[in-house]
Amino acid sequence: MKTKQAQHAFGKQQWWLFVSELISFAVIFLTLGTILWQVFQPSIYQSVTRGIKVQRQILLGQRVTGGPASQDAYRAIAFRTSLLVFDSDGTLINGNPTAGTPNTNNSANQPKKKKKTGSQNDYVNVLQQIKLNPHHLNELRDIRVNGQNNFRTMTIKVPAANNALGYGGYYVMIVTNTDSEHVSVGVFKRTLLWTMVTFWLISILLSYVLARLNMRPILRSWQRQREFVANAAHELRTPLTVIQNKLEIMLTRPNDKVMDQTEQITMSLSEVRRLNSLTSDLLLLARSDSDMTQIRTESVAMAPFLETVIQPYSEIADSQDKHFEENIQLDRDLVIDKQRIHQLIVIFLDNALKYTESGATISFSARLVGNRWELQVKDTGIGIKDQDKAHVFDRFYRVDKSRSRATGGNGLGLSIAKWIIDSHRGKVTITDNHPQGTIFTISFPLTRPKK
Ligand code: ATP
Ligand code: MG
């Protein structure tokens, strides 16, 4: 259950995630749109610009540069390019300019004899409205006439000496109709805008889903942390209550000797021991959560190391009338964290001893399997049901709470074991031992000893 405060904090966090993801998407789409616009728009006008430049070179009697691509561009726009000839006062002197090039129409001053159609007349009217602007010579300029006809133009001054085409001393304005380019740009602009809007709307949905997904692990770990703290507090309180009780009982008998109160003292001491192991387990897990506990690996001769680790447990087994079998076939050096692997084996052997009756058999084996090394702890004890197998590695999880309490378990051993296994990149499996009991198999990748 989430508290109101936490709910508010998580809501805020999720909102921020959502907003930041939305902004990121917007920035990406905007950048993409701008790049597309910047690249595509000039490319639409590319052939017009090239054609006008060739036209200019021809008018000035210069050599045409730019190779076949420029020639093609020039030919492509020729039919929609007109030349307006102005004198130095800005008067249009070819009153009837028509689409054409200097090559096809070199008698600019003579109006065409040909009869014009209505639309041609309209077009001439439009062209006649264009005024000379002698301040912008040799520059590409886009103009719009009557609010609907678009042209890209360039005005040049033909030197008087250069009268081969009949334009010597005049201003010639190259006027190319760009209505089709204008339409293309408009269509492109609209398409781009709609695409951006659509993608941005999709990104709202995506940001929402992503924000929720990103919040999940945070929520999960927060939940786990809360449970951990709550369980830890509960576990710490139980032995403390016992100790408090015992001390209070002792206080009611001030004249008793230590001898008379051995039972209370022993029980208190055992609770203190429990508290001790509990707090060190909790500390270890808390540190492992914050990655503060580091793994210190070293090259270890495995066989003698494992012998020393299991020795005390074979003695305890003897004292509890249990059979202890060992089978160590790991005659080599391996790189491990000695202290942690020791702790790991102790956790499994401790469980094997705790959850078996007298007469049971506990076996420990170590061997190489392919490119891994494997530890196995088998017992003929009470076993673990399938539904519990998935949970025994959870913190504070105990199958039989009352029994574990009697045997002094905190339910932390296996979660510490799991952390050690993970930090050694190992795997662990639980299987049933037949006819009864449990088998824990832990395997690790082989790491080469350092030279
Ligand atoms: P401690 O923190 O002291 O180890 P614990 O033994 O109860 O306490 P874990 O070692 O984490 O905690 O084990 C979790 C639970 O898994 C145990 O309470 C027990 O119910 C079950 N379990 C673990 N090992 C065995 C086993 N060999 N046979 C049967 N049940 C087991
Ligand atoms: Mg245990």
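Order of appearance sets the numbers: ligands from 1, and atoms from 1 within every ligand. Just so it is clear, the structure is predicted and the values come from calculations on it, not from any experiment.
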Exercise. When you measure from atom 12 (O) of ligand 1 to each heavy atom in S415, G411, G437, A352, which option holds the nearest one?
Worked result: G411
Exercise. At a 4.0 Å cut-off, with the gap strictly under it, does some heavy atom of G383 reach an atom of ligand 1?
Worked result: yes
Exercise. Within the structure, does L412 bring an N/O atom to less than 3.5 angstrom of an N/O atom in ligand 1?
Worked result: yes
Problem set entry | Winner among I347, V392, V377, I439 once heavy atoms are compared against atom 16 (O) of ligand 1 | V392
Problem set entry | Minimum non-hydrogen distance to atom 22 (N) of ligand 1, winning option of L353, L278, I362, I384 | I384
For this session: Have a look at ligand 1 and work out which part of V399, if any, has a heavy atom under 4.0 Å from it: side chain, backbone, both or neither.
Result: both
Exercise. Given the rule in the side chain to side chain donor-acceptor pair (under 3.5 Å) test, do T441 and Q376 qualify, once you have shown the distances and angles that lead to the verdict?
Worked result: CA-CA 5 Å; T441 310; Q376 202 170 57; 3.0 Å; yes
Exercise. Does Y397 approach ligand 1 within less than 4.0 angstrom via side chain, backbone, both or neither, non-hydrogen atoms only?
Worked result: backbone
For this session: Look at N410 and state whether any of its N, O or S atoms is less than 2.8 Å from the Mg ion (ligand 2).
Result: no
Exercise. With backbone taken as N, CA, C and O and side chain as the heavy atoms from C-beta onward, which portion of D388 lies under 4.0 Å from ligand 1: side chain, backbone, both, or neither?
Worked result: neither
Problem set entry | Between Q320 and K322, a side-chain donor and acceptor under 3.5 Å | yes
Exercise. Do R425 and F444 touch side chain to side chain, with heavy atoms closer than 4.5 Å?
Worked result: no
